[in-house]
Protein chains: 4
Amino acid sequence: MSTLPRHDHLRADAQRNLDLILAAAAEIFAEQGGEASVAAVAERAGVGTATIFRRFPTKDDLLATIIERRFQRLAEDTRRAAAIAEPGEALRQVMLISIASYVEDRLIAETIGTPLFHRTGLHELWAEVTSYKERALHHAQADGQVRPDVTLADFSLLLAAIGFVGQRLDTDAPDAWRRCLDIVLDGLRPEVARPLFGAPVALRHLAALHDSDEAHR
Amino acid sequence: MSTLPRHDHLRADAQRNLDLILAAAAEIFAEQGGEASVAAVAERAGVGTATIFRRFPTKDDLLATIIERRFQRLAEDTRRAAAIAEPGEALRQVMLISIASYVEDRLIAETIGTPLFHRTGLHELWAEVTSYKERALHHAQADGQVRPDVTLADFSLLLAAIGFVGQRLDTDAPDAWRRCLDIVLDGLRPEVARPLFGAPVALRHLAALHDSDEAHR
Amino acid sequence: MSTLPRHDHLRADAQRNLDLILAAAAEIFAEQGGEASVAAVAERAGVGTATIFRRFPTKDDLLATIIERRFQRLAEDTRRAAAIAEPGEALRQVMLISIASYVEDRLIAETIGTPLFHRTGLHELWAEVTSYKERALHHAQADGQVRPDVTLADFSLLLAAIGFVGQRLDTDAPDAWRRCLDIVLDGLRPEVARPLFGAPVALRHLAALHDSDEAHR
Amino acid sequence: MSTLPRHDHLRADAQRNLDLILAAAAEIFAEQGGEASVAAVAERAGVGTATIFRRFPTKDDLLATIIERRFQRLAEDTRRAAAIAEPGEALRQVMLISIASYVEDRLIAETIGTPLFHRTGLHELWAEVTSYKERALHHAQADGQVRPDVTLADFSLLLAAIGFVGQRLDTDAPDAWRRCLDIVLDGLRPEVARPLFGAPVALRHLAALHDSDEAHR
DNA sequence: GATGAATGAGAATTCATTCAT
DNA sequence: GATGAATGAATTCTCATTCAT
């Protein structure tokens, strides 16, 4: 499942360089998105570009690795949130974590659904994340805190929606999205439910949700 | 107000080519966003790149023209929707039109707030659009159909949010966002209103909403 | 000798256009030099570029024609000055006219000696101009007003030298070159003559004097 | 003061390439002036254009570096010449060096006074050169070898004038300008001085002397 | 005959990727 | 193993020249 290079005995300095690269890449891509240049990553890591390409034959390989690590953290965080006993609180935490992942990291929003996303094992991690969301949603619905006609797809879409605008406003109005979230939360309550448009959307379509902003080379 | 080149009597073939260019550019930029190459536009239009640069001295000029035309249509559509007598219906139509503009055109979401946006007359057209949104929102609030604590900024953010995910899903699940809209509409109803997070956001921050994904030209 | 297109019966409007083109080209090239674009000439003339290329198959042909006409005027002016009876005054006038031709027209200084210069009949006109200079110089020498060791080549070089700096300073210090001229005039007087460096230079080398500033396409 | 990239330990091959680039650029720009293409420099250096852009982010950076090195040499040479004890000989040497700098390098004549000139430290170096010229001129005047009505501006102009024609004739009649210089030197002698035209020119106008032939970058 | 339009070649620059030390 | 260096492909833009109306 992992694309991380695992030369089992990486020399100590090599391992240190790899760590530097991963840290730098995570920062740069989170800040600037996937169009950031490899040179920028190299500079922040304090290594040469060739060192990066030794570990990651392709820029996309580097991107995939970064994303994968991010997803692992996201999966773990989401799992923990979904395990909260009180269904409403679990739901709320899951939502906050999901939205925050978009807000804090441009790469996440850009990558899911791209060729990159499908070429690596990312969608399996994504499926895992989704399963935790599902659990939280269903518990809340079973508990009567969320209207039953809302599907997992609807739920995920709403999170992405709020995450996207949150990301765009992160520097100028960092908390603006929280008011949107509150409105959406009110809209999820069963007391007000009016019938929803059309038929439920298949979850598999949601991969496209995160198509990169540009054609992927 | 228009940046469109208006050599009042453009030769028939030239006018045809200009139309081809505008159509191709609108399509390409709508699909791929503003980073699409001029060459891509030229190819789809069936002309050489130099032909485009004859009409539009700069790529930004082309982008500005495309955007401006799109905004004019948007402003007109929104005006008409906001003029509908029944406040709830007016609001619904305004929302649909606004979201659709994001869904159908990547360039719109990318451009607002960028230097391009400020260099041309775009922000005036945008202010016009915003004023129609405001009218629709306030009428609906005065009529008791929308909770009073929702501001124009909240409202605009929600539209952008739904628009963003709608755009991403446009090819794979074209109507998926409509269910999100319904949920949000329910969240806007006064009878469910729970207090919103923090203080209202100033509208001017929303410019950043649409900041381009790359370093601003 | 002339490269001017001589369709013997040019329609009245065509002749008018040709005149407009010649006038505009003379202005533009005098101001901006030979790198000025054909489009710039067309615009100032109020005609289309194709109209220019109908008369002048090549930009170089246009340049040659402009230069030729300028040289004709220069030849006539120099002839008249050289005909002045008093040798010192004749010399002075010839010098002023020669220098002024450089100062007022960037094209002149740029063109002589280039492939362009040799491809057309320009060097014959130039020879004519030179012959008038020669007459003025020799008269002044015969009259004892100019040292006898100064050759026609030396004399021409000095004029070009002062002309070049005059041109560069034309806008910022329009008369600065006149002080240089006075110093040179003093240097030409016989009473101060000390022996000159090396052997006299062959006149034919002076064509190179005016090599264009850029490689000629 | 230097714009030369000084990665203190440039790898041997890189240093060799950098030297090749600098040498090629100095040659090409000296021969063809600043409009020469980077590709032409790259070809002569035997490297790709991108290699040049790695060291010099901008063509102007390359130009500035080349010019600066040339100016440093010029300043040193002029300083040395101005330090010669015998005032007449010092003056003569200063003049020869100044003129030779124009003759050998088109870039020098083109650059002074342009934005490039002001953006880099060039004008300070130029001011230094000018101060040496001034010293040589004033010594010669104090010693009675040069007429007192000649200003530093006049002097500089004469050098530029001879330098310009010398440059044009460099290949065809390499020493022709020396005879001009001798005539000018005679014109500078006090014994023959007749009053000069108009008022002295301010030195600052002379910047324009060297304005590039094309629209300033 | 005249014109605006179209184009192809070239220029500066950037960047992922490969190579030599 | 690591690195800085080299490069080729792509991008925006310009301009002399040819073409279609």
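Every chain is numbered from 1, with letters handed out A, B, ... down the list of sequences. Quick caveat: nothing in here was measured; it's all calculated off a predicted structure.
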Report yes if at least one side-chain N or O of B:Arg55 is closer than 4.0 Å to OP1 or OP2 of E:dG4; otherwise report no. no
For DNA chain E, what are the stems built from at least three Watson-Crick or G-U pairs in a row, each pair having both distances below 3.5 Å? E:2-21 with F:2-21
Just to verify, what does B:Glu27 make a salt bridge (charged side-chain N to carboxylate O under 4.0 Å, His left out) with, not counting sequence neighbours? B:Arg44
Considering just the side-chain nitrogens and oxygens of D:Thr51, establish if one lies under 4.0 Å of OP1 or OP2 belonging to F:dA5. no
Would you say that C:Phe53 contacts C:Val38 through its side chain, given a criterion of any heavy-atom pair below 4.5 Å between the two side chains? yes
Could you say whether C:Ile52 or B:Ile21 is positioned toward the 5' end of DNA chain E, judged by the nucleotide with the nearest heavy atom to each? C:Ile52
N/O-N/O pairs, protein side and nucleotides 12-14 of chain E side, under 3.5 Å:
residue : atom : partner : partner atom : Å
E:dA12  : OP1  : D:Val38 : N            : 3.3
E:dA12  : OP1  : D:Lys59 : NZ           : 3.2
E:dA12  : OP2  : D:Val38 : N            : 3.2
E:dT13  : OP2  : D:Lys59 : N            : 2.6

From CD of D:Gln32 over to P of E:dA11, roughly how many Å is that when rounded to an integer? 11 Å
Listed partners of D:Ala39 passing side chain to side chain contact (heavy atoms under 4.5 Å, CB included), at least two apart: D:Ser37, D:Thr49
Side chain to side chain contact (heavy atoms under 4.5 Å, CB included) with B:Val47: which residues, sequence neighbours excluded? B:Asn17, B:Ile21, B:Ala42, B:Ala45, B:Thr51, B:Ile52
If the condition is side chain to side chain contact (heavy atoms under 4.5 Å, CB included), which residues does A:Ala50 pass it with, not counting sequence neighbours? none
B:Ala26: side chain to side chain contact (heavy atoms under 4.5 Å, CB included) partners, not counting sequence neighbours: B:Ile66
Once salt bridge (charged side-chain N to carboxylate O under 4.0 Å, His left out) is applied, do any residues pair with D:Arg70, and if so which ones, sequence neighbours excluded? D:Glu104, D:Asp105
